[in-house]
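The chain is numbered in sequence order, starting from 1. Remember, predicted model here, so these are calculated numbers, not experimental data.
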Amino acid sequence: MSAAAHATTSTARSLLSIGQVLAKLSPEFTDLTPSKLRFLEEQGLVTPARTASGYRKFSPADVDRLRLVLSMQRDHYLPLKVIRQHLEEIDSGANPALPNATSLAADSLLVSRIRYTREEVAKIAGASLNLLQDAVSAGMIEPAESYGEETVAVLTAIAELQRSGIEPRHMRTMRASAEREYSLIERALVPVTHRQGAASKARAAERAHDIARHIETVRTQLLRQIISQESR
């Protein structure tokens, strides 16, 4: 085997699946889940490689970056916007000091904790409390006393849709559609879900989200086709 091929093989072996990353980091960050890892990826805080079949593969550097992000969230109560700026400075070659949450007091959005109250979620998303309640009633958002940044993103989208005249009550069918799509995913996961163990559960969760991503791609394309046909 050539030196280049050996290096490539060694690099591939050092890459971790999402289940292996969870196994490494969960003892330190007990609330870490596959969905949270995917959310951090969606927010541009980590960029794992992808296999030809679409599975995420994390390098040791990705794991270190995730550990830094999670530590900044847990230990310093820093919002993702500040964490992202800090990582961008590191990526540019700088060696910035760790942001101090107390120095951000001038901006109430930046000092918000990782969990937001109903009022904070509505304010950040540019929505009213009534719209948040309507979204909860329509099954678009789960009822809770506090919410994470994922809910901020969803409520922001719902607020934008409302400006186009689409209310949460109009989207009730989306919940039913999502439940039907989940039944498809559930059937596809039967070969995996019958196995026991945390690693198997992590693989099943990763596969479920991958299938959901493919379903979303097909659904989006179908909607675009309809829009295109109706616009002719």
Side-chain angles (χ1 to χ4, degrees), residues 1-96 98-99 114-115 148-151 153 182 184-217:
M1 181 184 293
S2 67
H6 179 74
T8 301
T9 302
S10 298
T11 299
R13 287 175 178 170
S14 68
L15 296 179
L16 304 176
S17 68
I18 194 169
Q20 291 171 316
V21 172
L22 286 170
K24 270 185 171 293
L25 296 179
S26 291
E28 185 177 355
F29 304 97
T30 55
D31 63 341
L32 186 60
T33 62
S35 61
K36 184 167 185 177
L37 281 179
R38 277 184 287 272
F39 176 68
L40 294 177
E41 179 187 355
E42 290 167 2
Q43 296 301 306
L45 296 171
V46 65
T47 309
R50 292 271 187 169
T51 65
S53 56
Y55 288 99
R56 295 167 179 82
K57 289 294 182 179
F58 295 81
S59 69
D62 291 329
V63 176
D64 289 341
R65 191 179 182 93
L66 283 168
R67 183 177 284 108
L68 175 60
V69 169
L70 295 168
S71 296
M72 293 174 74
Q73 280 189 313
R74 182 192 63 190
D75 302 335
H76 301 278
Y77 305 102
L78 294 172
L80 293 184
K81 180 177 179 180
V82 175
I83 294 174
R84 187 182 299 108
Q85 291 171 345
H86 182 73
L87 293 177
E88 288 172 354
E89 291 181 30
I90 293 175
D91 292 340
S92 68
N95 186 25
L98 190 67
I114 301 307
R115 300 296 298 179
E149 303 218 22
E150 298 95 332
T151 303
Y182 178 70
L184 294 175
I185 295 172
E186 201 171 28
R187 286 199 295 272
L189 292 177
V190 169
V192 180
T193 53
H194 76 279
R195 301 172 190 166
Q196 300 297 317
S200 294
K201 289 181 180 179
R203 282 195 296 272
E206 179 182 11
R207 184 59 182 153
H209 282 275
D210 284 336
I211 294 173
R213 178 169 53 83
H214 296 316
I215 290 175
E216 183 177 0
T217 298

- Is it true that Glu42 and Arg56 have a side-chain N and a carboxylate O under 4.0 angstrom from each other? no
- Item | Results of side chain to side chain donor-acceptor pair (under 3.5 Å) for Gln43 - residues two or more places apart only | Arg84
- Between the CG atom in Leu70 and the CD1 atom in Ile83, the distance rounded to the nearest 0.5 Å is 8.5 Å
- Task: Look at atom NZ of Lys24 and say whether more than 12 heavy atoms of other residues, nucleotides or ligands are closer to it than 6.0 Å.
- Result: no
- Message: Test side-chain contact (heavy atoms from CB on, under 4.5 Å) on Leu22 and Thr33; report intermediate values, then the result.
- Response: CA-CA 7 Å; Leu22 286 170; Thr33 62; 5.6 Å; no
- Query: Can Val46 and Val63 be said to form a side-chain contact (heavy atoms from CB on, under 4.5 Å), step by step?
  - Reply: CA-CA 9 Å; Val46 65; Val63 176; over 6 Å; no
- Query: Less than 4.5 Å apart, any side-chain heavy atom of Leu15 and any of Thr51?
  - Reply: no
- Message: Can a donor-acceptor pair be found, under 3.5 Å and without considering hydrogens, that links the side chain of Gln85 to the backbone of Val82?
- Response: no
- Task: For Thr47, enumerate each residue passing the side chain to side chain donor-acceptor pair (under 3.5 Å) test, keeping only those at least two apart in sequence or located in another chain.
- Result: none
- From CA spacing to verdict: side-chain contact (heavy atoms from CB on, under 4.5 Å), Arg74, Phe29: CA-CA 9 Å; Arg74 182 192 63 190; Phe29 304 97; 3.5 Å; yes
- Message: Arg67: which residues meet the side chain to side chain donor-acceptor pair (under 3.5 Å) condition with it, sequence neighbours left out?
- Response: Glu28, Asp64
- Query: Which atom pair, heavy atoms only, marks the closest approach of Ser14 to Pro60?
  - Reply: O-CD, 3.8 Å
- Sorted by chain and residue number, the side chain to side chain donor-acceptor pair (under 3.5 Å) partners of Ser26 (sequence neighbours excluded) come out as none
- Message: To the nearest 0.5 Å, what is the distance between OH on Tyr182 and CG on Leu189?
- Response: 7.0 Å
- For Arg187, what residues pass the side-chain contact (heavy atoms from CB on, under 4.5 Å) criterion, not counting sequence neighbours? Ser183, Leu184
- Task: Check whether any side-chain heavy atom of Glu88 sits under 4.5 Å from a side-chain heavy atom of Ser92, and report yes or no.
- Result: no
- Query: Is any side-chain heavy atom of Leu66 less than 4.5 Å from a side-chain heavy atom of Leu32?
  - Reply: no
- Message: My understanding is that only residues two or more places apart in sequence, or in another chain, count here; which of them pass salt bridge (Lys or Arg N to Asp or Glu O under 4.0 Å) with Arg65?
- Response: Asp91
- Under the side-chain contact (heavy atoms from CB on, under 4.5 Å) test, which residues partner Glu216, sequence neighbours left out? Arg219, Thr220
- Task: Specify the closest pair of heavy atoms between Lys57 and Ser17, including all atoms of both residues, with the distance to one decimal.
- Result: NZ-CB, 4.0 Å
- Query: If every non-hydrogen atom of Phe58 is compared with every non-hydrogen atom of Ile18, which pair is closest and at what distance?
  - Reply: CE1-CA, 4.0 Å
- Residues forming a side-chain contact (heavy atoms from CB on, under 4.5 Å) with Pro96, sequence neighbours excluded: His86, Glu89, Ile90, Ala94
- Item | Verdict with reasoning, Val21 to Asp62, per side-chain contact (heavy atoms from CB on, under 4.5 Å) | CA-CA 9 Å; Val21 172; Asp62 291 329; over 6 Å; no
